[in-house]
Trainee: 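After the structure tokens below, expect a handful of questions from me.
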Amino acid sequence: EEAPMLAERVAAGTLPNVDERLPKTPRVVTPYDEIGVYGGTWRRAFTGASDDRGPQKLMEPRIVRFVQTGPETFDIEPAWASSYETNETSTEFTFHIREGLKWSDGHPVTTEDVMFYFEDVVGDDNPWPWPSLMEQGDSRAVISAADDLTFTVTFEQPSPLFITRLGREYVWMASPKHYLSQFHPSYVSTDELAAAASAFNVEGWQDLWGRRGKAQSFWLNPDVPTLSAWTVKTPPPSEQVIFERNPYYYAVDTEGNQLPYIDQISHDLFQDVETLNLWVAQGRIDLQQRHMRVGNFPFFKENESSGSYEVVVWNGLEVDTLWPNQTTSDTVMAELFQQADFREALNVAIDRDTINEIVFAGLATPMQAGPPKGSAIFNEELVGKWAGYDVDRANELLDGLGLTARDDDGFRLRPDGDTLEIVITTALFASDINMLELINEFWSDVGIKTSLDVVERTLYLDRVNANEIMMGHWPMGRAAFFLIDAGSYAATLMDNSWANAWGEYQLDRGKSFAVAPPKDHMIYDVWSTLDAALTAGTQEEAIALGADILAMHAKAPNWVGVVGAAPNLFIRSNRMGNFPAGFIRDDITRDIGIIPTEQLYIKK
Amino acid sequence: MTGYIVRRILWFIPTLLAVSLVSFAIIQLPPGDYLTVLESQMGAEGDYNPEVVARLRERFGFDQPFMVQYGKWMWAMLAHGDLGYSFEWRVPVSSLIGEYLALTVIVTAATLIATWLIALPIGIYSAVRPYSIFDYIATILGFIGKATPNFLLALVLMWWAFDTFGADVSGLFSPEYANAPWSWAKVRDLIAHMWLPLIVLGTSGAASLIRQMRANVLDELQKPYVEAARAQGLPEWKVILRYPVRVALNPFLSTIGSSIPELFSGAVTTAIVLNLPMAGPMLLRALVSQDMYLAGSFIFLLSVFTLIGTLISDILLTLVDPRIRFEES
Amino acid sequence: MNEPLLTLTNVEKHFPQSNGFLKPAAAPVRAVNGISFSIAEGETTALVGESGCGKSTAAKLITSAITPSAGKITLRTRDGNILDVGSLRGRARKALWRDVQLIFQDPFSSLNPRMTVKQIIAEPLRNFDIAHGQEATDLVADLMDRVGLQPGTMSRYPHAFSGGQRQRIGIARALAVKPRLVVGDEPVSALDVSVAAQILNLFQSLKKDLGLTYLLITHDLSVVRHSADRVAVMYLGNIVEENTTAALFKSPRHPYTQALLSAVPSQDNQDKPRIVLTGEVASARNIPTGCPFHPRCAYATDVCRLTAPTFEQLPTGGRVACHTPLEFMP
Amino acid sequence: MKDLIRVDELSIGFGLKNWVIPAVEGVSFSVKPGETLGIVGESGSGKSLSARAILGLVPPGGLITSGSISYQPESGDAVDITSLPKNGRAIRKLRGAEIAMIFQEPMASLSPVHTIGNQIVTTLRQHADLSAAAALSRAIELLDQVGMASPAIIAGQYAHQLSGGMRQRAMIAMALSCSPRLLVCDEPTTALDATTEAQVVELLMKLQQDFNMGMIFISHNIGLVSEIADRVMVMYLGQSIESGATEHVLKSPAHPYTRALLNALPAFAEAGAELATLQGAVPDLTARPTGCSFHPRCAEFAGPQCETERPAIQVVTNQHLARCHLHE
Amino acid sequence: MSNALSHESAALKAYAEASGWRLGWAKFRRHKLAVVSLYIVGLLYLLAIFAEFFSPYDYSDINRRHVLAPPQAVYVVDASGQFTWPHVRALKGQRDPVTRRLNYIEDPENTFPVRLFAPSKPYKMWGFIPLETRFIGVSTPNRQASIFLLGTDSLGRDVLSRIFHGARISLSIGLVGVALSFVIGIILGGMSGYFGGWVDTIVQRTIDLLQSLPTIPLWMGLAAAVPPGQDPLVTYFMITVILSIIGWTGIARVVRGRFLALREEDFVLAARFSGASEMRIILRHMVPSFASHIIASLTLSIPEMILAETALSFLGLGLQPPAVSWGVLLKDAQSLQVISQAPWLLVPGLAVVITVLAFNFLGDGLRDASDPYGKV
Ligand SMILES: Nc1ncnc2c1ncn2[C@@H]1O[C@H](COP(=O)(O)OP(=O)(O)OP(=O)(O)O)[C@@H](O)[C@H]1O
Ligand SMILES: Nc1ncnc2c1ncn2[C@@H]1O[C@H](COP(=O)(O)OP(=O)(O)OP(=O)(O)O)[C@@H](O)[C@H]1O
Ligand SMILES: [Mg+2]
Ligand SMILES: [Mg+2]
């Protein structure tokens, strides 16, 4: 079966038969609810060039991809590869391309495209840097093709997380050589390159490549062959970016109908999020999560019938977290932060339920920051620990630290006699000021003064990188596979760092403020265990070591997690079928990309 | 006359150079550059790669000193009419801003005309019947329009239109016309979408116009030549339209140029709220993401429009008001 | 009387036409185009002429409000020194204003509406360090009394005074420094007949009492005839005739003077025919070659069109700038 | 000959909240075709107001409180201008066509943004059914008549391009365009210097003869009035205090004010002699003295009745009237 | 003349001795709207200055039980229909289980009398004067007792109190900005007008240049350059500086125009003849003459600054919470969610409109009055 739109073209002779277009063994996708019908346009909205990930995440041309298998569990499946094998020591990974797999222009996909990607697209002399995913330790992976459809990635050291990372990172593993080589200096002359650049209206041939490469990016170039379910028809900059189905897409439903069901995806450009909200209320959006704020939940809910849609809630994995910087340049504060009791007091002085109620309309979960339930290394103790509300305990702890003297306004004094004041730095995009204001209120109840420093996102990073932050506010995220981003636990993920100077010491990037942690500090154990985990021979081993790290953090709080599992709202119009509720939405699992979007359909 | 225009155009050159320098300086003012923004965007999406940024930094020449960057931009502009390159959109600025500027000009011009059409008769009537009920109502309504922040008015009107009519009043086009090539139907669609921006933008300008027109006409009505015209036996409406209104209009012509930046600035917030594909929101984005050539070119071109507007209004003025020409020669 | 108080020698004032940047320079306005005359101490000299002929410019030159483009203006000071008025600056110029003062044409714009009469009149007293405090107040009262104002009104603002009274305030201010030369630039033309008469009487009595020297600028010839000892007639930046009042009125020698006099209606010249000038008034921006008056002159000859006449002393008294002066009528 | 215009006991007041300030009080005069009436008086004495009333152009706020202005058209009955609706069709038909006015300031009275020709054409076409071209050629003809050197060029020029005298002549051409029967000149030469004034006066006198117009000539230049008026009316504080043939009024004035006014003129005085001045200043309209308005300044007090009793108009000699107790 | 003088009434004497300022004031008073506006502006500043006292609550007081509560009515009739002392009713909030919207119902049984000069939690006026009384409040200090006359925001903070506090920044930003513009404008405009020549040319060209740049981008550029996360006071000051960078051009034009005009005035020439030094001419003769004009145009530019602040905040380039200004409050209200569910959060917009209106009328009146000698 194929879409009527394509059937017409087949009939007209401009397209081969559907059997010729599909690989021998197409990927079979089980629709969530029912077999869909073909046709229709999926209407979305986007904010412009920088929102490119929005449209892209609907249809990433991945070699392997995440699937959600339970409420909070995931798995990885081959996508355009038919299968892959891992050797026992996690150093060799062999992939098999689906036989008969075709680019969206009908050209067959072979290992030549893979080799082209690794030899000509990424790497030092190439348009795009070598992906860190393809490195382990100090050496790069070697890619070799066994035949037209089989290739192997070989690492020197074990790389247990390679496949997981592959499901998440922007490494497509293959580029359409037959098309792209015409823009590559190794294949064509400088003059031709210049001509190509000017045809694309860009400055140099380099601009044809890369994340926003005019020729290479499948959302900017209608001509570039891709493996995604839809290909761009009207690219940006345009008021309305339109994607159209890929006639050669390699997946079918359980009845053998070629996917995707939906003919077109259109993205309308909006300037202000209120416009989008209005579109939602008017029923102009079919399915969208990006830019849908939790704060607007009542609004969305109340307009469900007028806009004939439903608000579908997924849960986020991130936990809103405060990061007391134990190495802040204010040495008195640094010393205080280094006291486990002090950090515990900060934790238990917060009424997380009230925050949940007021800021998240009661839809999130008050919790400590840590890996979520369902994650392989979920640590129940850690998530629940220090997340209760106990003012007396907090006061007791603080008094116990000798912070008993108070100033005229009732705030505690620091050992040096100044008012105990914590400056929380937050980047606008990441935070809800309301939450921080509530925390401000809770902490003043136990005599700790706080002040808010709201900065721009870039500036936040600048400050972090200069160790100019006393306490940061940044979500702890990507925790489902925490080893991928274990920096939060090792204080080396700078925006999530609870000890910037120590983190820098470990990263050894030559920052002047980097300093070695005190002898016997638990962080040394964290570092060594993490190293071991990342180079463990198998994923199981790595996970076991990861659990150890969590146990180290369960002894004393190093950060202040506030609420997590925050609701992520999807606006799903009533005509959109096969969209499940209650999934996890996270960047690692590719947001909406975790469901096969190709099986969504527009009801007739 | 021609000599005058030529001189004015010659004046353009130093002015434009200064304008371009200021534009460029403005966009260079904020700390960081496009790549710091890109870095944080990449960070948010989880695909931060320092090497990418380093390569881009070199490619875009961000490591060069200010004057070198400016010089290159200017040179490209002078030599090839090339406005530079939008980092964010990865296209030359010139290919990006054409339509936005065109729509901006259309909306701005329409606003200007609509404001005049509303404000002038009201202003004249207020002057002819000063201190009448009508005069007071017009004055107060006008001032309220002036006092209400554009974005607030836009949002409230947008909600009101949705709440009462379920109408979508945002944007300049219906979705089906957004990408369509220009056609008669698209123009009609544009006109149908234009009323809200016109109200929002017009109300803020109308008040001052009404007041000015009223004051000007009142002034002119005191002049002896009005009495002389009456003494000629001309009917009152002819007396008013033929003489004081003609003369009172002149100051307006002279404000065409200066009202362009004003209108444009008011339009930024309105365009954002109403989702108008105009230069304002694009410029704001460009500024926020430090897409410097795009932002710089916008500011530069808008200033050029203003300068041209000023020139046009000066020329119109000399055409319409014979006294000016006299002072000129 | 031998050495005149004030002498102008070939004084010129050209205003460059500033057309702004990047424009070709236009021909300058030749507002005053080489005038020479002198004023004797104790005399009232009148400067007459059409509107725009350069009278006010001449007044400003004499009072050093502007500097001449060419020529020399000299003033004989109290101690007999000769002061070059044209080149004065700063302190020296300020010193000049102790000797030379100006009375303005417009009594409404020449008084600062935000100062009381007392402050206005006391301003020169203060600035020239003549009197301060109570002494100044007394002097102000004295001056006001002298010009016929109630000293009791000195704390009022100008808006409370009529035009004639304001003009008196202006005169009091000018007199405060006890000047020797008072230049009046059309001091009565903005005033009503009866008020003008009061001011003219005031001039006469002050002249008698204080021995003032006047330069009266006006285009009202009846005022001239009534008040002036000598008259200088200006036309387009030049002085075309100069004589004692009586002689000039009796026997004008320049055709322009003649036309001007004939235009003045008065009861006794009702039967004299009016001489109506033809042609258009030329402007100081574009002065005709030759005799500037020739386009409107009924007696103009070829010489007049080509060469400008010089300002010659006439045997019958007075001076005239004309190639063919009118006949003398004793 | 019938009077062309006859103003009877005209009073004009300005309303100020609840009382009316009388600006013109009981003024009467008349003009015959071909005759010139001069009106003199100090500033603010009500000259312009009276003149404007004839055209029905009392300024806003002003009100004709009593009296009549009857205009005698060429044929038919006299019309009372005061009873015509303000700016109505009836009065507009008279304005410009039958009664024309020349204003005090020629620069300000011409439209700055229309050519001279255009302005004359507008007037012409307002009152006569003329084609644009015909109107223009008539306009050029008129400009020629008022002595413009190259009328066709002048017609295409703007007011500011003309000199004062030319502007005044353009005003005259406009006023004469419909051959009015009565010409009201409100200080037509005040803004001009002596030589230009002479030109204009000459022209007016010639045109009056040519067209046999009635003329009202307002000025405070008594010398000028003495030259051109057949009869003179002297106004003081809104009242006509003396009127009569020019030679009577100016040679042998009957009212102390007229006498004082003449004595104050330098032109009429001996050179160097002290000018006779009027004591005091013109009182404000709101503080009009009781009795004879002039009594606080009068040098020739007639008796206590001056302070209390308003003098009536007295006949001095034939046609020579004065409002003074001296002549009772 | 002497008898005329003796007849003079006291009123006439007063008029005669009235200075320009007094005459201007008399003229100003005839502009009714301006007078009313003057009172409004005065009241607004009073409220802003004593915001702590007039606010029923601390502007940052979080009321967990009254999040997004609607404005509470003041009743003068009790449940049984009897007239009583003015009182408010207790609010009880409930979350809608489906839409999660907070709905509040009033409890007619549970009422709290409204009191003026009500006792309150101790607070500090201007941060240093301890007080325990507020202008208005409810007399029973009890958990349920509340008086949110304009409702509360998403953290249960009293909107009325926030408006009063926001007035501090919003109303002073205009004044400070205008003061800065005034200083720059008067110096540059004055130099330009007084010296003329090349100084004039340079200043004029600079003004042309600045005016040909669209304001918002200029602000955006400059505001983006303000290092964020400074002390709010510093940010505040920077923002005013930015606003006045545009503002001064207008004022410089006015000043220059006035200087040019005055330079030609006879009375200035007269002052020169009176031996006054240049400095004295400027300060004693010229400045007083245009001061009133300048004040009028300054008054007219204050509302522009207030609007500018809101626009900047709207664009996210102005002040940031927790600072409160009307722009910040309005930014909070910029959503359909708010308009449809908590329209009272738009009230700060009303405050802006009223203030801007009042300033405009005030400026209008001042402008009329600034030339007391002109036509009546
Ligand atoms: N500052 C100036 N710049 C340029 N031109 C000037 C200036 N001052 C005067 N003029 C010109 O110089 C000529 C003479 O002017 P001036 O004021 O001296 O005439 P006037 O005889 O006083 O005329 P009036 O009787 O009208 O006062 C005029 O054409 C005038 O336009
Ligand atoms: N619109 C008005 N409102 C109030 N009073 C007015 C108005 N117009 C004129 N007047 C008063 O009426 C009186 C007569 O004015 P009018 O214009 O007739 O005087 P005039 O004799 O023509 O004086 P001038 O010689 O100054 O032209 C004056 O005192 C004037 O103040
Ligand atoms: Mg002059
Ligand atoms: Mg008059």
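Note that the coordinates shown come from a computational prediction; the quantities given were computed from them, not determined experimentally. Just so we're on the same page: letters track the sequence lines, and every chain starts at 1.
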Trainee: For E:F359, which atoms come within 4.5 Å of any heavy atom of chain B: side chain, backbone, both, or neither?
Mentor: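 Contact with chain B involves no heavy atom of E:F359 at all.
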
Trainee: Just jot down the salt bridge (Lys or Arg N to Asp or Glu O under 4.0 Å) partners of E:D332, sequence neighbours excluded, or say none.
Mentor: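 If we apply the salt bridge (Lys or Arg N to Asp or Glu O under 4.0 Å) test to E:D332, skipping adjacent residues, there are no hits.
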
Trainee: Examine whether an atom of B:V156 lies under 4.5 Å from a heavy atom of chain E, and if so say whether it belongs to the side chain, the backbone or both; otherwise answer neither.
Mentor: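 Contact with chain E: backbone and side chain both.
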
Trainee: Atom OG1 of B:T148 and atom CG of E:L357: how far apart are they, to the nearest 0.5 Å?
Mentor: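 Atom-to-atom, B:T148:OG1 and E:L357:CG are 7.5 Å apart.
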
Trainee: Other residues, nucleotides and ligands only: do more than 12 of their heavy atoms fall within 6.0 Å of OH on E:Y39?
Mentor: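 Counting other residues, nucleotides and ligands, OH of E:Y39 stays at 12 neighbours or fewer.
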
Trainee: Would you call E:F314 and B:L152 a side-chain contact if the rule is heavy atoms closer than 4.5 Å?
Mentor: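 In short, these two side chains do not touch, never coming nearer than 4.5 Å.
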
Trainee: Can you list everything that forms a salt bridge (Lys or Arg N to Asp or Glu O under 4.0 Å) with E:E304? Sequence neighbours excluded, please.
Mentor: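 Salt bridge (Lys or Arg N to Asp or Glu O under 4.0 Å) list for E:E304, sorted by chain: empty.
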
Trainee: Does anything in residues 335-343 of chain E reach chain B? List residues with heavy atoms under 4.5 Å apart, or say none.
Mentor: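 Expected list: E:S335, E:L336, E:I339, E:S340.
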
Trainee: If you count heavy-atom pairs under 4.5 Å with chain E, which of B:K146, B:M158, B:Q290 comes out on top?
Mentor: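 The option with the most such pairs is B:K146.
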
Trainee: Contact between B:L155 and E:Q334 at the side-chain level, heavy atoms closer than 4.5 Å - yes or no?
Mentor: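 They are in contact (side-chain heavy atoms under 4.5 Å apart), so the answer is yes.
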
Trainee: Would you mind checking which part of B:V22 comes under 4.5 Å of any heavy atom in chain E, side chain (CB onward), backbone (N, CA, C, O), both or neither?
Mentor: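 The answer is the side chain of B:V22.
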
Trainee: Which atom pair, heavy atoms only, marks the closest approach of B:A147 to E:L307?
Mentor: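 Shortest heavy-atom contact: O-CD2, 3.4 Å.
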
Trainee: When only heavy atoms count and the cut-off is under 4.5 Å, which of residues 293-302 of chain B reach chain E?
Mentor: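 B:I299, B:L302, listed by number.
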
Trainee: To the nearest 0.5 Å, what is the distance between CG (E:L315) and CZ (B:F151)?
Mentor: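 Between E:L315 CG and B:F151 CZ, I get 8.0 Å after rounding to 0.5 Å.
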
